[in-house]
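Here is the structure we will look at, set down as structure tokens.
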Amino acid sequence: MSALRLLSSAARRAPSALAQQRRGYAEAADKINLSFVLPHQALYTSTDVVQVNAPAAAGDMGILANHVPSIEPLRPGVVEVIESGNASKKWFVSGGFANVHPGNKLTINVIEAAPLDSFSPEATLQAVRANLQEALKVATGNGSEEDKMEARIEADVYEALQHALGSK
């Protein structure tokens, strides 16, 4: 029992020492340096922005200045870039990677990206639904495993695009 008292006594003293080491939230005035690139085009090149929201494979993530360094695979979805003055731009991406580097640097590499406002919601939503149904039919059909996997990936992209257009 004396070991338990020793541990609880140490635990009561520890929070004040740990409080100085705790990482806080990013300051609103801080910026993150963004490079957002496709194989054929750079959308942002070392541009200071306030925040980037990205569809990471593990879940949606908001990236601010002083974010912990990481490499995140991106699933199909919307990348939102919030610039100074709360102006934001949104792109639909089919997938890629987000690399958060030390020193407030973020690199997003994607194969395809299209501005979300370039989609006509009414006409595009009908085409997306039709293509989604076709992809799901192939994915659950009797084709080869390769065809089924390609159709499942295609269906994932159409589902994400349908969601993005519905919340636009």
Side-chain angles (χ1 to χ4, degrees), residues 23-136 138-139 145-168:
R23 182 179 182 271
Y25 291 102
E27 295 294 320
D30 288 345
K31 305 282 183 175
I32 189 161
N33 189 274
L34 172 66
S35 293
F36 184 4
V37 297
L38 289 78
H40 61 280
Q41 177 184 14
L43 300 173
Y44 285 86
T45 306
S46 297
T47 305
D48 287 338
V49 299
V50 175
Q51 179 176 345
V52 177
N53 299 319
D60 292 342
M61 63 186 292
I63 304 165
L64 296 163
N66 302 318
H67 195 282
V68 65
S70 64
I71 298 174
E72 299 291 334
L74 300 178
R75 67 181 195 286
V78 176
V79 170
E80 178 182 21
V81 177
I82 301 172
E83 300 171 344
S84 299
N86 290 333
S88 72
K89 295 181 181 175
K90 296 179 181 181
W91 285 271
F92 183 82
V93 300
S94 61
F97 287 91
N99 300 308
V100 182
H101 307 277
N104 292 331
K105 293 182 188 281
L106 170 63
T107 304
I108 296 179
N109 298 301
V110 297
I111 300 297
E112 302 170 317
L116 195 57
D117 58 5
S118 70
F119 292 95
S120 157
E122 299 79 25
T124 305
L125 208 45
Q126 290 174 355
V128 166
R129 286 184 182 136
N131 291 336
L132 174 59
Q133 293 306 317
E134 182 62 30
L136 290 172
V138 172
E145 287 303 311
E146 184 179 341
D147 289 343
K148 288 181 182 181
M149 288 304 295
E150 285 179 7
R152 184 66 247 169
I153 293 168
E154 187 177 338
D156 288 346
V157 172
Y158 282 126
E159 286 171 346
L161 185 55
Q162 179 177 312
H163 177 72
L165 293 173
S167 64
K168 184 173 160 183

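- Counting heavy atoms from C-beta on, the side chains of Val50 and Lys31 come closer than 4.5 Å.
- Salt-bridge annotation for Glu80 and Lys89: absent, with no side-chain N of the basic residue lying under 4.0 Å from a carboxylate O of the acidic one.
- In this structure, the side chains of Val79 and Asn53 stay at 4.5 Å or more apart for every pair of heavy atoms.
- The shortest distance between side-chain heavy atoms of Leu116 and Val78 falls below 4.5 Å.
- Remark: Asn33 CG to Ser46 OG distance equals 4.5 Å, nearest 0.5 Å.
- In this structure, NE2 in His67 is found 13.5 Å from CG in Asp30, a value given to the nearest 0.5 Å.
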List the atom pairs, donor and acceptor, that lie under 3.5 Å between side-chain atoms in residues 99-109 and the rest of the protein, sequence neighbours left out.
from   : atom 1 : to     : atom 2 : distance (Å)
His101 : NE2    : Thr107 : OG1    : 3.1
Asn104 : OD1    : Asn66  : N      : 2.5

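- When side chains are defined from C-beta on, Ile32 does not count as touching Leu64, because their heavy atoms never get closer than 4.5 Å.
- Taken to the nearest 0.5 Å, the CD atom of Gln162 stands 12.0 Å off from the CD atom of Gln126.
- Closest approach of Pro76 and Phe92 over heavy atoms only: CB-CZ, 4.3 Å.
- In this structure, Phe97 CZ and Leu74 CG are separated by 8.0 Å, a value rounded to the nearest 0.5 Å.
- The minimum heavy-atom distance between Lys148 and Ala139, with the atom names listed, is CG-O, 3.6 Å.
- Distance check: Ser70 OG to Ile63 CD1 gives 6.5 Å after rounding to the nearest 0.5 Å.
- For Gln41, the CD atom is densely surrounded, since the number of other residues' heavy atoms within 6.0 Å is greater than 12.
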Legend entry - Test log, rule side-chain contact (heavy atoms from CB on, under 4.5 Å), inputs Leu34 and Val52: CA-CA 9 Å; Leu34 172 66; Val52 177; 4.1 Å; yes
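- Among all heavy-atom pairs drawn from Ala56 and Arg75, the shortest one is O-NH1, 2.5 Å.
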Determine all donor-acceptor pairs shorter than 3.5 Å in which one atom belongs to a side chain in residues 153-161; sequence neighbours excluded.
from   : atom 1 : to     : atom 2 : distance (Å)
Asp156 : OD1    : Arg152 : NE     : 3.2
Asp156 : OD1    : Arg152 : NH2    : 2.8
Tyr158 : OH     : Asn131 : ND2    : 3.3
Glu159 : OE1    : Arg152 : NH2    : 3.2

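- Ring geometry, Phe36 versus Tyr44: the interplanar angle falls under 30°, so the pair is classed parallel (tilted spans 30 to 60°).
- Between Glu83 atom CD and Gln51 atom CD the span is 12.5 Å, to the nearest 0.5 Å.
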